[in-house]
Amino acid sequence: MTIDNIRYDDHAQKLYILDQTLLPNEEKEIELATAEDMYDAIKKLKVRGAPAIGICAAYCIYILSLQIKTQDSAAFCDELEKQAAYLNSSRPTAVNLSWALGRMCNKARRFEDRDIDYIRNQLIFEARAIHGGDIEMCHRISELGLSLVKDGDGILTHCNAGPLATSRYGTALGPILLGTEKGMKFHVYSDETRPLLQGARLTTYELYNAGVDVTLICDNMANTVMKNGWIQAVFVGCDRVAANGDTANKIGTCGVAVLAKHYGIPFYVLGPTSTIDMNCPTGDDIKIEQRDPDEIKTMFYEKPMALPGVKCFNPAFDVTDHELITGIVTQKGICRPPYTESLAALFK
Ligand code: MRU
C-alpha cells in the first residue's frame, strides 16, 4: 500500500503533505512553502508520526534553503541552522525531528567551503536519502515483525504507526500490511487513541483500505479484548527509545503494556534506529509534550464536553518501562532484554 503522505515535486521544487487532520473524510494535499507553514503542520499534526516528521523536516530544510538570499556559504549555513532550530521547537518528544534536522545541517556545514548551489544539491540528496532510507527500514522492520506472529493471530495496536506515520508499510502496522500482501490473515484491534483519535481516524483507514480485518475499540476496551483471548501480540510504534529501552510513545501505550503483562501477551515496540536516543539514559530524561486542553474538551465534539473552567491534563506521550517490553524490533534486528546491551550493540 503506497500513500504519498510527503511528496516533493522535483520539477516545481515544491513540498506537499497529505493533511492528516482531515482524514479519513478528506484526502487533501497542502503545500508547505514557508517556515511558518512547516512549523504549523508539525505542531498541529497535519504531518505526524516520528519518522514522517523527520522526513518532512528534511525536505522543509531544503525548501527553506532555496529562499536564503546570501551568497556567503558560512552565513547560509548559519541561517539554515536558525531555521532548523525553529522547526525543532515545534514538537519535543519524537527524536526523529532533531535527528533529521541535525543530518541536514551537518551536511551543509561539511560543504561550507563550496558554493551555495553545491550545498543545496547536497541537501536535496540528503533529504532523499532520509526518505529512501526510511522506506528500506520500514520494509525490514515489517519482515522481522512478521516473524513474531502467525497466520490468524489477533494483534492490538495503539495510535498510528503505519505508512502515514512513516514512508511506506510503517513500523507497527508494517508486519500486518506485509503479511496481508503475502495472503496471511490477522484480526487487528485498533485503540481509538484519545484525544486526537489517530487509531480511529488513521489506523483503521489504512488497514481497512488494505483489506485487513480491523476492529475499532475505545481505549478502555483493551482489557476486554485481551481477557477474551482475542489478542496474541501487541505491536506499537515509538517516538523516542532511551538507552535502557524505556520507550516514549502515544499517551496510553504504557497502560496497554501493563495489561499485556497481566495477561501474558507479548508486547513489541517497532521502530527504526533513528528513534533510539543513546544520549538519553532512561525514560525519565525524555521530554513529554503537553498539549492544549481543548483537544480533550472541545475538539471533535459539536458541543464542549466539560465546563470552560474545568482543568485538563493533556500529555501527548507516556513512557513504557523497559521491563514491560518483550522486544524492540529495528531494521537491524530484534533487541531483547537487557536493552542497555542489545540497543548499544546496534550502534557498534
Ligand atoms: O502525536 P503523534 O500522532 O505524532 O504520535 C505518533 C505516535 O505516537 C506513533 O506511535 C509514533 O510516532 C511512531 S510512528 C511510526
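No experiment lies behind these values; they were computed from the predicted model shown. Atoms within a ligand are numbered from 1 in the order they appear, just like the ligands themselves.
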Side chain to side chain contact (heavy atoms under 4.5 Å, CB included) with K44: of I42, V47, D40, only one passes, and it is D40
Applied to residues 76-115, the ring-ring contact (aromatic ring centres under 6.0 Å, His included) test, sequence neighbours excluded, yields Y39-Y86, F111-Y118
Considering only N or O atoms, set out every pair between ligand 1 and the protein closer than 3.5 Å, with distances to one decimal place.
residue, atom, partner, partner atom, Å
ligand 1, 1 (O), R91, NH1, 3.4
ligand 1, 1 (O), R91, NH2, 2.8
ligand 1, 1 (O), K250, NZ, 2.7
ligand 1, 3 (O), R48, NE, 2.6
ligand 1, 3 (O), R48, NH2, 3.4
ligand 1, 3 (O), Q198, NE2, 2.9
ligand 1, 4 (O), G49, N, 3.1
ligand 1, 4 (O), R91, NH1, 2.9
ligand 1, 8 (O), D239, OD1, 2.8
ligand 1, 8 (O), N249, OD1, 3.1
ligand 1, 8 (O), K250, N, 3.2
ligand 1, 10 (O), N249, OD1, 2.6
ligand 1, 12 (O), A50, N, 2.8
ligand 1, 12 (O), D239, OD1, 3.1
ligand 1, 12 (O), D239, OD2, 3.0

Salt bridge (Lys or Arg N to Asp or Glu O under 4.0 Å) pairs touching residues 146-157, sequence neighbours excluded, are K150-D153
Check: Can the ring centres of H131 and Y8 be said to be less than 6.0 Å apart?
Finding: no
Check: How about E29: does its CD atom have over 12 heavy atoms from other parts shown lying under 6.0 Å from it?
Finding: yes
Taken in chain and number order and not counting sequence neighbours, the residues that satisfy ring pair (Phe, Tyr, Trp, His ring centres under 6.0 Å) with H262 are none
